[in-house]
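Data first, discussion second: the structure below is written as structure tokens.
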Amino acid sequence: MNPMTRSLTIATWNINSVRLRLPLVEHLIAGWAPDVICLQETKCPDANFPTSSLKKLGYEHIALNGQKGYHGVAIISKLPFSSSDARPFCGKQDSRHIGVRLTVSGSARADRTLVIHNLYVPAGGDEPDPAMNEKFAHKLGFLSELDQWLGAGSGEDLAIVVGDLNIAPLEADVWSHKKLLDVVSHTPIETETFEAIRTRGGWIDVMRQFVPSPEKLYTWRSYRAADWSATDKGRRLDHVWASPALAGAFRSMDVLREARGWDRPSDHVPVIVKLEV
DNA sequence: ATGGTGGCACCGCCA
């Protein structure tokens, strides 16, 4: 490794209740030891977040935007934050974003600032018609605000966006493109808007740098499947975007497919990236 | 064959 860079591992995972699945978070930590873990759907108020357990495991820096019962995002980190912020969307009080600023110290160069945004985009309900389904209208409104924000670019030299974005943009991101064209998460209005925001903002689809289309790549499989592994009807709903300055920085990307088979699993699996900054 | 499962909360809602 270049001694003038620092290696950093970042995980993103929709955990579907951080309290119920704290043992799985601990398992992820024991096996992969990410420097930073971005969680979505923590489903608990900040006061109930398992802060002390995670601090004992070395994640002493924790930024929370939780709420009771629904949504909720968190960033836990071995590295300190110089600041954090939570953005509101659509005039609602949903906890769907937390952002942090990390100072990454290189041994022989000036410190560099890395911004990480952790997002939980609305799922959007079942009916892909905003006139009939206000949850889908909310999702489209959320994307419109994301376009104004992230579509305008990173705003920072070194920036990463991760999270459950609840859209599978490419044909290779779903088990059947044709069967899912009318299914919320893969409708043309969603996939086209998603890719328009990403490309207009100059964001790199980091996962697809490592597993290019048309190879299938999934991060989510329904709880309703009788046998998730055999049928493997998955979707890539979780994403890692990076600003242009990070184009050459990523060294690895792993989708922990096996995590879908862990005891009492989340329906999403962790995605882990390693980069040098 | 048009279901199914899972979490949280409170006895329905959301995913």
Side-chain angles (χ1 to χ4, degrees), chain A residues 12-28 38-50 53 64-74 89-97 118-130 132-143 146 162-169 173-176 178-187 190-191 194 218-239 256-271:
Chain A
T12 178
W13 194 9
N14 178 322
I15 191 65
N16 188 17
S17 172
V18 69
R19 286 177 293 173
L20 186 70
R21 279 184 249 288
L22 181 60
L24 297 190
V25 177
E26 292 170 345
H27 187 65
L28 175 74
C38 298
L39 298 170
Q40 305 88 37
E41 282 207 89
T42 53
K43 293 188 173 177
C44 72
D46 294 348
N48 295 344
F49 191 86
S53 300
L64 299 174
N65 181 14
Q67 71 181 78
K68 187 177 180 180
Y70 303 103
H71 322 312
V73 288
F89 288 88
C90 304
K92 293 176 180 279
Q93 297 194 330
D94 293 357
S95 294
R96 296 184 179 276
H97 168 264
N118 179 20
L119 276 167
Y120 177 51
V121 172
D126 290 331
E127 175 59 54
D129 178 351
M132 303 287 293
N133 172 11
E134 68 180 27
K135 284 185 275 198
F136 194 68
H138 175 217
K139 187 176 196 174
L140 297 183
F142 195 100
L143 291 178
L146 273 189
V162 303
D164 177 4
L165 304 187
N166 262 318
I167 293 172
D173 294 334
V174 292
W175 65 276
S176 170
K178 286 185 179 174
K179 286 196 171 73
L180 290 173
L181 273 170
D182 293 326
V183 174
V184 171
S185 73
H186 194 63
T187 64
E190 293 171 89
T191 60
F194 185 99
Y218 311 139
T219 64
W220 173 90
R221 293 169 188 82
S222 173
Y223 282 127
R224 296 176 188 172
D227 185 336
W228 70 269
S229 185
T231 51
D232 206 30
K233 292 183 175 178
R235 305 178 203 168
R236 184 171 70 115
L237 302 180
D238 302 273
H239 296 271
L256 300 192
R257 184 183 192 277
E258 69 204 75
R260 187 62 181 78
W262 290 349
D263 187 42
R264 298 200 78 184
S266 170
D267 46 354
H268 295 252
V269 299
V271 178

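To find a chain, count down the sequence lines: A is the first, B the second, and so on, and within it residues start at 1.
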Nearest-nucleotide comparison on DNA chain B, the residue closer to the 5′ end among T42(A) and G125(A): T42(A)
Phosphate contact (dG7(B) OP1 or OP2) by R19(A) side-chain N/O below 4.0 Å: no
Pair T219(A)-D238(A), side-chain donor/acceptor within less than 3.5 Å: yes
Side chain to side chain donor-acceptor pair (under 3.5 Å) partner of D173(A), the single match among H186(A), H239(A), R236(A): R236(A)
Sugar-phosphate only, base, or nothing, as touched by R221(A) at under 4.0 Å among non-hydrogen atoms: nothing
Below 4.0 Å: OP1/OP2 of dC8(B) and any side-chain N or O of S17(A): yes
Separation of atom OH in Y70(A) from atom P in dC8(B), rounded to whole Å: 11 Å
Options dG7(B), dG4(B), dG6(B), nucleotide nearest the side-chain atoms of Y223(A): dG6(B)
Atom-pair distance (CZ on R224(A); C1' on dG6(B)), nearest Å: 9 Å
side-chain N/O R21(A) vs dG7(B) OP1/OP2, d < 4.0 Å: yes
Atom-to-atom span, NE2 of H71(A) to C1' of dA15(B) - whole angstrom: 10 Å
Candidate nucleotides dC8(B), dA15(B), dT5(B), ranked by approach to the side chain of N166(A) - the nearest: dA15(B)
Nucleotide dA15(B), atom C1' - distance to CZ of F142(A) in whole Å: 16 Å
Donor-acceptor pair between Q67(A) and T42(A) side chains, under 3.5 angstrom: no
Interatomic distance, N14(A) CG vs dC14(B) P [rounded to whole Å]: 17 Å
Gap between atoms CH2 and C1', on W228(A) and dG6(B) respectively (whole Å): 16 Å
Same-atom distance (C1') from dA15(B) to dG4(B), integer angstrom: 14 Å
Nearest listed nucleotide, side chain of K68(A), among dA15(B), dG7(B), dA9(B): dA9(B)
W262(A) ring center near H27(A) ring center (under 6.0 Å): yes
Rounded distance in Å between the C1' positions of dC10(B) and dC14(B): 14 Å
Identified pairing partner of dG7(B), criterion: Watson-Crick or G-U wobble below 3.5 Å: dC13(B)
Ionic contact status for D232(A) with R221(A), cut-off 4.0 Å: yes
Nearest-Å distance once atom C1' is located in both dG7(B) and dC11(B): 15 Å
Nearest-Å distance once atom P is located in both dA9(B) and dT5(B): 22 Å
Spacing of D126(A) atom CG relative to dT5(B) atom C1', expressed in whole Å: 14 Å
DNA chain B: 5'-proximal contact among K43(A) and D164(A) (nearest heavy atom): K43(A)
Nearest-angstrom distance from the residue atom CD of Q67(A) to P of dA9(B): 11 Å
Nearest heavy atoms of R235(A) and V184(A), plus distance in Å: NH1-O, 3.6 Å
